[in-house]
Amino acid sequence: MQHDVPGAPELFTWEFASDPYPAYAWLREHAPVHRTRLPSGVEAWLVTRYADAKQTLADHRLSKNPAHHDEPAHAKGKTGIPGERKAELMTHLLNIDPPDHTRLRRLVSKAFTPRRVAEFAPRVQELTDGLIDGFAAKGSADLIHEFAFPLPIYAICDLLGVPGEDQDDFRDWAGMMIRHQGGPRGGVARSVKKMRGYLADLIHRKREALPAEPAPGEDLISGLIRASDHGEHLTENEAAAMAFILLFAGFETTVNLIGNGTYALLTHPEQRARLQASLAAGETGLLETGVEELLRYDGPVELATWRFATQPLTLGGQHIAAGDPVLVVLAAADRDPERFADPDVLDLSRRDNQHLGYGHGIHYCLGAPLARLEGQTALATLLNRLPDLRLAADPAELRWRGGLIMRGLRTLPVEFTPA
C-alpha cells in the first residue's frame, strides 16, 4: 500500500480542481504510480507519467469490465456513470473488453469515418452560427451554457437521429448529468433512467419504420438497427447502451474542449492573436495543431475511465494486485517533461504532439474526428465573429466542476462588442 508518501499534495480539493497541474507534477516526480483514496471512498492507483500511461492504456491485463473490481458488490456503483447499472446501460464500449468490444466498436465505427464526419461539417457550422446568433447582439454571454453545452448536444442528437421536437428534453437530461455535483440528489440516475426509456422507445419506433434500403447519411440509431437485423446480433439493450454512451462520451468531453480551449486562448493573448491572424489569412494549419495543443495543455478528460487488474502486475515499479482499480491521469501524462518540451507552455504550433487526450489502444476515442471538427468549428467561428472576445471575470473566481473523470468550467462569462 502506498498511501502516505511524505510531502504528497492533497488531491481532489476545490483548490486542486482549479489547478491540478502542480500536484500532478509532484506525483510524476515522486510517486508516479500512486495509491490513493478517492472522494467516493474507493481506493485506486493513479498513473501520472506519459510512458507508464501509454503502456497502461494498451495493457490487456487491465480490463474495462467492472466485474473485475475486487470491492464488494455494493461499491460497484461507485466506479462508473451514476445510474447506468440500474438502467441496464452497462454493456457499452467503455465497460467491455474484446471480443464484445471489437464487435460493438466495428458496428458503430462506420458513423465516425472521416468521410461521414466531413459530410456532417456544414451542419456543425450551421449549429455553431445559430448559437452565436442567439447572443451576438447582447455583448455578453456565458459561453458554457449558451454555446459549449448546447452545440455538442444538438450535434449528437442529429447524428443519432433524435427528432428535433425531442432534442430539448435530451438537453435537459444531459444538463442534469453534467451538473451531477450541484443538482438534486439522485438527479443523475433519474436522468439516465429517463434517457434509457426514451432511447428504447426511439429504437423501437425506428425499427418499425426502417426503410428497406439505407438513405445516404442515415442516422446512427437506424444504422445500428440495420446492422443488428443483418446478423450482427445487437440486442436492444446493447443498442440503447451504445446510443447512451455515444451521447455521454461525445457530449461532456466536447463541452469541456470548447470551454477549456476558449478559456486557454483568452488567458494567453499572444497565442490567441496568432490564431486570429492565421484564421483571417484563410489558413487552417494553426487551427488544426492548435486544437490538438489545447487538448494536451488543459484537456476535457482529466483521468481515463476505470480499468481493473485481472491479474497481479507491476506498473512503474509498484505491485498492483488483481482486482485493483487503475486510473490513468491523462492531464498529468500530457504535461510530462520527459515527453513534451516545455510542457507547461501553451504553443498552438506544437508539432510533436502525441497527446493522450483521446486515449490510446483499443479504447482510443471513436468520436475523435467529430470532436476535432466541433472544436475547430466552434473556436474558429467564435474568434472570427467576435474578434474582441474577452473574459468578463477574474480567472480566480471561475469554478471548475468537481468530478473525477472530466475537467471543465461551470461557467465562462465573456464580453465583446455587440455584433
Side-chain angles (χ1 to χ4, degrees), residues 18 120-158 164 167-168 170-172 174-175 178-179 182 251-284 286-288 290-291 293-294 297-298 300 346 348 371-401 408-419:
S18 300
F120 198 53
R123 178 64 181 141
V124 172
Q125 185 66 60
E126 187 188 336
L127 288 168
T128 303
D129 280 320
L131 290 167
I132 295 176
D133 289 344
F135 56 77
K138 283 194 307 185
S140 67
D142 170 5
L143 281 186
I144 301 297
H145 290 276
E146 294 176 69
F147 185 62
F149 173 77
L151 176 61
I153 274 287
Y154 291 139
I156 206 91
C157 280
D158 278 1
Q167 293 191 1
D168 284 331
F170 243 74
R171 190 180 161 165
D172 292 345
I178 207 168
R179 284 194 300 274
F251 141 64
E252 193 171 352
T253 48
T254 312
V255 178
N256 295 350
L257 167 59
I258 297 167
N260 300 7
T262 305
Y263 174 68
L265 292 173
L266 293 179
T267 48
H268 293 79
E270 68 303 326
Q271 291 292 313
R272 174 246 182 105
R274 283 178 65 197
L275 180 56
Q276 272 178 304
S278 157
L279 291 168
E283 300 159 2
T284 58
L286 192 63
L287 177 65
E288 287 164 13
V291 166
E293 174 68 345
L294 293 166
Y297 178 78
D298 196 11
L346 179 72
L348 297 182
R372 285 193 171 103
L373 169 70
E374 290 178 340
Q376 290 174 14
T377 307
L379 292 171
T381 310
L382 268 183
L383 294 178
N384 281 332
R385 291 193 53 186
L386 308 172
D388 64 346
L389 190 70
R390 57 196 175 272
L391 209 50
D394 178 347
E397 290 168 9
L398 294 176
R399 286 285 164 263
W400 295 78
R401 278 196 303 277
L409 285 160
R410 287 172 180 259
T411 58
L412 182 57
V414 293
E415 293 169 341
F416 45 87
T417 303

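When only modelled atom types and interatomic distance are considered, Q276 and N384 share no side-chain donor-acceptor pair under 3.5 Å. No donor-acceptor contact under 3.5 angstrom links the side chains of R372 and Q376, judged on distance only.
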I would like to know whether L131 and E146 meet side chain to side chain contact (heavy atoms under 4.5 Å, CB included); could you show each step before the answer? CA-CA 7 Å; L131 290 167; E146 294 176 69; over 6 Å; no
Determine whether F147 and L382 satisfy the following criterion, side chain to side chain contact (heavy atoms under 4.5 Å, CB included), listing intermediate values before the conclusion. CA-CA 10 Å; F147 185 62; L382 268 183; 3.6 Å; yes
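In terms of heavy-atom proximity, A393 sits nearest to P413 at CB-CG, 3.8 Å. Annotation for L412 and G259: closest pair CD2-O, 3.7 Å, computed over non-hydrogen atoms. Taking each heavy atom of F120 and L373 in turn, the nearest pair found is C-CD2, 4.4 Å. Across A380 and L287, no two heavy atoms sit closer than the pair CB-CD2, 3.9 Å. Residue P150 comes nearest to I144 through the heavy atom pair CD-O, 3.9 Å, listed as atom of the first residue, atom of the second, then distance. Contact record, S140 with F416: N-CZ, 3.5 Å, taken as the closest heavy-atom pair.
With rounding to the nearest 0.5 Å, the separation of CG in L389 from CG in L143 is 6.0 Å. To the nearest 0.5 Å, atoms CG (L265) and CG (L391) are separated by 11.5 Å. One distance of note links CG of L348 with CG of L294; it measures 5.5 Å at 0.5 Å rounding. Rounded to the nearest 0.5 angstrom, L275 CG and E270 CD are separated by 12.0 Å. Distance check, rounded to the nearest 0.5 Å: CG of L379 to OG1 of T262 gives 4.5 Å. Put simply, OG1 on T128 and CZ on R385 are 10.0 Å apart, with the number rounded to the nearest 0.5 Å.
Aromatic ring centres of Y154 and F170: separated by at least 6.0 Å. You'll find the ring centres of Y297 and H268 inside the 6.0 Å limit.
Inter-residue side-chain proximity for R272 and T267 is flagged as unmet; no heavy-atom pair is nearer than 4.5 Å. I153 is not listed as a side-chain neighbour of Q167, based on a closest heavy-atom distance of 4.5 Å or more. With contacts defined as side-chain heavy-atom distances shorter than 4.5 Å, the pair D388/R390 qualifies. Under the 4.5 Å side-chain criterion, counting only non-hydrogen atoms from C-beta, R399 is not in contact with L409.
One finds no salt bridge joining D142 and R410 here, because no Lys/Arg side-chain nitrogen approaches an Asp/Glu carboxylate oxygen to under 4.0 Å. Looking at R401 and E252, a side-chain N of the basic residue comes within less than 4.0 Å of a carboxylate O on the acidic one, giving a salt bridge.
Of the possible polar contacts, none joining the T377 side chain to the E374 backbone as a donor-acceptor pair under 3.5 Å is found. Proximity of a side-chain donor or acceptor of D298 to a complementary backbone N or O of N260 within less than 3.5 Å is not detected.
Evaluated for a side-chain contact (heavy atoms from CB on, under 4.5 Å) with L151, the options T254, V255, I258 yield exactly one hit, I258.
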